[in-house]
Undergrad: 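Dropping a structure here in structure tokens format, bear with me for questions.
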Number of protein chains: 2
Amino acid sequence: MDQKAKTLPNAGINPNVSVDCVIFGFDFEELKVLLIQRKEGPDQDLAREGRWALPGNLIRDDESLDTAAGRVLGELTGLERIYLQQFQAFGNPDRVRRQADAEWLHYMREQPNARVITVAYFSLVKLHGFEPQPRSFARNVAWFPIDEVPDLAFDHNEIVESGLLALQRILRQRPIGFELLPRKFTLGQLQRLYEAILRRPLDKRNFRKKMLKKDILVALDEKQQGVPHKPAQYYRFDKQKYAEWEEKNLDADFDVVPV
Amino acid sequence: MDQKAKTLPNAGINPNVSVDCVIFGFDFEELKVLLIQRKEGPDQDLAREGRWALPGNLIRDDESLDTAAGRVLGELTGLERIYLQQFQAFGNPDRVRRQADAEWLHYMREQPNARVITVAYFSLVKLHGFEPQPRSFARNVAWFPIDEVPDLAFDHNEIVESGLLALQRILRQRPIGFELLPRKFTLGQLQRLYEAILRRPLDKRNFRKKMLKKDILVALDEKQQGVPHKPAQYYRFDKQKYAEWEEKNLDADFDVVPV
DNA sequence: GGGGAACGTGTACTTATTACACTAACTTTG
DNA sequence: CAAAGTTAGTGTAATAAGTACACGTTCCCC
């Protein structure tokens, strides 16, 4: 039985399940999403009409969902050890139908109506100083401001929407915003990040008060340089201190947002 | 191509994706989980050694994930319009392997190493006055206290754990506890429900103060009868009032728990 | 009618949230 | 080199929320 499997071009790949990643980045001004256009080839009409889509792929039979998402991300960005979290599975019967190309022919005969279920992840990338390169399955890669996401392939607009909601929810439970910033950052940058994700203005003094009180930031011996205004103090996030905070507040949310 | 599909016993069923439900109930004392033992038959060794398992099933090609979960629940309990929410997909490569029975033989040849991905839902049932009957795919059905869940089939223990965490999280964001109680209930019962889910004691006066202040409960003209202590006031949850609360507090959690 | 059991209530203290405006430090421009 | 532009950085007073805590009440049962 393995013999036949090995002769199939897609052996070892699960034709029913994919992962898709909503990759967020922050350029100190806006929240952005990384989208791709697929290469020509057998997958071509999966993203019909050249539309932009979320990076994603069918999973292999030997990898977990998390691993598959990490693989997709790695293939696309070359980055590893990136914040990655599953947030929802999508499986409406009309969402994605596999194309009836030769490679899946056997399978299509047996499951003419099956659709692809996708497990969606969101991912946070320090886009500071990182420009994604088209590679592997992507013909084209680009960051889009979250407010200017075009019509995407399949149900990917819905997935982006849900991903943003998930990000907002989790931002108020854990300090994941730092995953989107370089090691050193200013409080102003951090506040703009929170405002970009939550999509509302926050009071500067209250935000700083609440953030500093958590005692998870350490001020560096360094200030901004070359800015046309009063230079800001740099801080970094202290993982160790956050772990301590967490231990003392086992059940509580990590909420730095004035409601 | 449909011809061949129709001759297959499992046509229209997706062999790679299932849904599983963590069904919670509350008997005024403990939080409970509904588990099943499967019927003998082709599925028999899916739940090896007669172990208890979560209710679940492979999905059909013509239904959404939510629909599939609702179907499983309906087949099992006869109940409909029950609180049901997806919380996580599980897909470790070693979690569940399809058995190589005759029905899936074609498929098994092509995907010898595929495993079943499952999308897990949690569900809240008013178990008050409801006794589940073994039916459809279940040989045996029973409620287990959340602290006394036995060794389950596959990775179902892990799924139950995650389901409880998801329930705890969401209980602090929305007033879903009422889904586990009958229409009329006392504040004491409500508090015990919160304590059972969150697994810690809450201060009675503070809990009542916070809960009543939300203005989502209405006192009924009725008190407990036949109890060997001072009879408690009955209340009911007012969905309309909660909708109003929600509108006024768009971003906030619905948190009635003294931290 | 006494004991057992859960119900129902209030207050004083501490902590968190909110709203709000000006000076400081740097660059650029004229 | 002075003025304009820009963001940084800071404090307080008023209100709201959270916390800790104890005792009389009302029913049933014996």
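The sequence lines fix the lettering, A, B, ..., with proteins before strands; numbering per chain opens at 1.
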Undergrad: Sequence neighbours left out, what passes salt bridge (Lys or Arg N to Asp or Glu O under 4.0 Å) with A:Glu246? Give chain and number order.
TA: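 For A:Glu246, the residues satisfying salt bridge (Lys or Arg N to Asp or Glu O under 4.0 Å) (neighbours in sequence not counted) are A:Arg174.
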Undergrad: Could you tell me the separation between the CG atom of B:Asn249 and the P atom of C:dT18, rounded to a whole number of Å?
TA: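 Spelled out: CG on B:Asn249 to P on C:dT18 is 11 Å.
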Undergrad: Quick one: list whatever passes side chain to side chain contact (heavy atoms under 4.5 Å, CB included) with B:Pro182, sequence neighbours left out.
TA: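 Expected list: B:Phe28, B:His128.
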Undergrad: When the distance from CG of A:Leu212 to C1' of D:dG9 is rounded to whole Å, what number comes out?
TA: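 In whole Å, D:dG9 C1' and A:Leu212 CG are 11 Å from each other.
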Undergrad: Find out whether A:Leu31 and A:Phe24 are in side-chain contact, i.e. whether some heavy atom of one side chain is under 4.5 Å from a heavy atom of the other.
TA: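 Side chain of A:Leu31 against side chain of A:Phe24, heavy atoms only: contact under 4.5 Å found.
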Undergrad: Protein within reach of the bases, or only the backbone? For nucleotides 20-30 of chain C, mark each nucleotide 5' to 3' as B, S or -, using heavy atoms under 4.0 Å.
TA: BB--BBBS---
Undergrad: Could you tell me whether A:Asp238 and A:Lys214 have a side-chain N and a carboxylate O separated by less than 4.0 Å?
TA: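 No, A:Asp238 and A:Lys214 are not salt-bridged.
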Undergrad: Write down the distance between OH (B:Tyr235) and C1' (C:dC7), rounded to a whole number of angstrom.
TA: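 For the pair B:Tyr235 OH and C:dC7 C1', the rounded distance is 11 Å.
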Undergrad: Specify the residues of residues 180-197 of chain A, ordered by number, for which at least one heavy atom lies under 4.0 angstrom from an atom of DNA chain C.
TA: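 Hits under 4.0 Å, by residue number: none.
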Undergrad: Would you please name every residue forming a salt bridge (Lys or Arg N to Asp or Glu O under 4.0 Å) with A:Asp27, sequence neighbours left out?
TA: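 Partners of A:Asp27 under the salt bridge (Lys or Arg N to Asp or Glu O under 4.0 Å) test: A:Lys32.
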Undergrad: Regarding A:Gln233, tell me which of base, sugar-phosphate or nothing describes its non-hydrogen contacts under 4.0 Å with the strands shown.
TA: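 Sugar-phosphate, backbone atoms only, no base.
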Undergrad: Could you state the CD-P distance from B:Glu29 to C:dA5, rounded to the nearest angstrom?
TA: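 Nearest whole value for this atom pair: 14 Å.
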Undergrad: With sequence neighbours left out, what residues match B:Lys239 under side chain to side chain contact (heavy atoms under 4.5 Å, CB included)?
TA: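 Scan of B:Lys239 (side chain to side chain contact (heavy atoms under 4.5 Å, CB included), adjacent residues dropped) gives B:Phe237.
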Undergrad: I'd like to check the side chain to side chain contact (heavy atoms under 4.5 Å, CB included) partners of B:Leu220; sequence neighbours left out, ordered by chain and number.
TA: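 For B:Leu220, the residues satisfying side chain to side chain contact (heavy atoms under 4.5 Å, CB included) (neighbours in sequence not counted) are B:Arg183, B:Lys184, B:Glu222, B:Tyr234, B:Arg236.
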Undergrad: What is the distance, to the nearest angstrom, from the NZ atom on A:Lys213 to the P atom on C:dT15?
TA: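 Value for this atom pair: 9 Å.
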Undergrad: What is the distance, rounded to the nearest whole Å, between atom CZ of A:Phe207 and atom C1' of C:dA19?
TA: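 In whole Å, C:dA19 C1' lies 18 Å from A:Phe207 CZ.
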Undergrad: Who pairs with A:Lys241 by salt bridge (Lys or Arg N to Asp or Glu O under 4.0 Å), at least two apart in sequence or on another chain?
TA: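 So A:Lys241 forms a salt bridge (Lys or Arg N to Asp or Glu O under 4.0 Å) with A:Asp215.
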Undergrad: Just how far, in rounded Å, is C1' of C:dT17 from NZ of A:Lys210?
TA: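 It works out to 8 Å between those atoms.
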Undergrad: Does C:dT17 have its OP1 or OP2 closer than 4.0 Å to a side-chain nitrogen or oxygen of A:Lys209?
TA: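 False: A:Lys209 side-chain N/O out of range (4.0 Å or more) of C:dT17 OP1/OP2.
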Undergrad: Would you please name every residue forming a side chain to side chain contact (heavy atoms under 4.5 Å, CB included) with A:Pro201, sequence neighbours left out?
TA: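 Applying side chain to side chain contact (heavy atoms under 4.5 Å, CB included) to A:Pro201 gives A:Glu195.
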Undergrad: What's the CG-C1' distance between B:Leu202 and C:dC7, to the nearest Å?
TA: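 In whole Å, C:dC7 C1' and B:Leu202 CG are 17 Å from each other.
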